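Residues: numbered from 1 along the sequence shown. Below, each value reflects all heavy atoms present in this structure, side chains not excepted, and no hydrogens, waters or symmetry copies. What you are looking at is a predicted structure, and each value in this text was computed from that prediction instead of being measured. In listed order, ligands and their atoms are each counted from 1.
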Amino acid sequence: MSRVLLPFPQQRPMAEAMASTLEARLGRLDWRRFPDGESLVAVDESLSGADVAVIATLRNPDEVSIALRFASATAREFGARSVGLVAPYLAYMRQDTRFHPGEAVSAPLYARFLEESFDWLVTLDPHLHRTPELSTLFRIPAARAAAASAVARWIVEHVPNPVLIGPDSESEQWVSDIAGKGGLPWQVLQKQRHGDREVSVSLPDAAALKGCNPVLVDDIVSSGHTLLETLGHLKALGLPPSVCIAIHAVFSGDAYEQLRNAGASQVVSTNSIPHPSNAIEIAGLLTEACADLFGASAPRRDSGRSP
Ligand SMILES: O=P(O)(O)OC[C@H]1O[C@@H](O)[C@H](O)[C@@H]1O
């Protein structure tokens with residue numbers, strides 16, 4: 001039985017970091033776009049009997065998803081026994097309910113889409129809010145790694161006298177976990193979202209923050225408005241410039257530049273999405289989460305069948 005990692009081009013360094021512990025070889029997965037936007041995917045042809053893990057981070061999911069499907073189907077066509085997906089960032093998890101009439105509930109729909117291609121899934125800190133666990137969303141074996149220990153280590157090593165601040169109640173699960181791992185004080189604010197780019201947050205207990213260096217932590221930073229709003233309030237309270245930590249550096253548009261220009265002392269992230277802010281390595285955490293699934297899952301009924 002052999003294990004093969006097929007990383008999308010951007011995830012090659014992640015795959016290189018994971019390969020030896022997983023006793024897997026690195027295979028070829030090329031992806032390019034034709035001028036009309038269509039995808040051309042090419043994978044290793046020597047996959048007969050192999051357990052394959054495709055590695056793809058799902059920022060810009062509408063672009064990458066069709067390529068994912070082509071990659072998994074072609075790997076099976078070349079004889080892969082099983083095909084799993086390691087998605088350091090799992091997209092579409094935030095639309096987990098119908099916020100307005102007529103909207104598609106994307107989280108379960110996207111889960112169904114991925115299940116059609118993959119036998120198992122590993123991801124890092126998925127945005128599970130109203131959904132308690134990955135297993136309630138996915139019908140294939142799914143495991144989640146947590147960045148908390150790596151983020152806590154980074155904070156302890158880089159920020160003197162830190163206090164962790166989560167911008168909203170959704171962030172509590174990540175902030176409290178990181179605080180627990182690092183033995184750090186923390187608090188979580190109340191946020192109201194008024195639109196895609198309009199949010200307001202409540203003032204924190206300023207007295208409790210006196211003498212500390214604020215570290216804002218969120219799972220996803222997309223437009224950046226949640227952290228921008230929080231930064232603004234902390235600045236108005238006269239607190240020292242805050243460190244901003246994103247687990248997933250989505251950073252749409254100029255969000256990263258805006259945060260840096262808004263008085264953040266540093267903006268850092270894990271490498272779940274390749275980005276200049278990456279400072280916290282999570283390959284080892286994903287490797288651990290893969291251990292029980294990679295090569296262990298029962299082959300799909302249609303495994304090896306031509307697409
Ligand atoms: O405010 P932006 O950066 O657009 O969105 C990120 C926020 O939206 C939430 O679901 C995330 O957990 C995070 O708090």
So, is Trp174 polar-close to ligand 1, with some N/O to N/O distance under 3.5 Å? no
Checking contacts here: is it the side chain or the backbone of Asp219 that comes within 4.0 Å of ligand 1, counting heavy atoms only? Could be both or neither. side chain
Looking at non-hydrogen atoms alone, which of Ile220, Asp218, Asp96 comes nearest to atom 6 (C) of ligand 1? Ile220
Output yes when Arg130 and Asp96 qualify as a salt bridge under the 4.0 Å nitrogen-oxygen rule, no when they do not. yes
Run the numbers for me: atoms of ligand 1, each under 4.0 Å from some heavy atom of His127, listed by number. 10 (O), 11 (C), 12 (O)
Heavy-atom contacts with Gly224 under 4.0 Å: which atoms of ligand 1 show up? List them by number with element. 2 (P), 3 (O), 4 (O)
Determine, for Arg260 against Asp254, whether the closest basic-nitrogen to carboxylate-oxygen distance falls under 4.0 angstrom. no
Under the 6.0 Å and 45° cation-pi test, does Arg32 pair with Phe34? yes
Before accepting this row, confirm whether a basic side-chain N of the pair Arg33/Glu63 lies closer than 4.0 Å to the acidic partner's carboxylate O. yes
Per-atom filter on ligand 1: closer than 4.0 angstrom to a heavy atom of Val221 are 3 (O)
Any idea which part of Asp168 is under 4.0 Å from ligand 1, heavy-atom wise: side chain, backbone, both or neither? side chain
Does a side-chain N-to-carboxylate-O contact under 4.0 Å join Arg3 and Asp51? no
Under 4.5 Å between any side-chain heavy atoms of Leu26 and Arg12, yes or no? yes
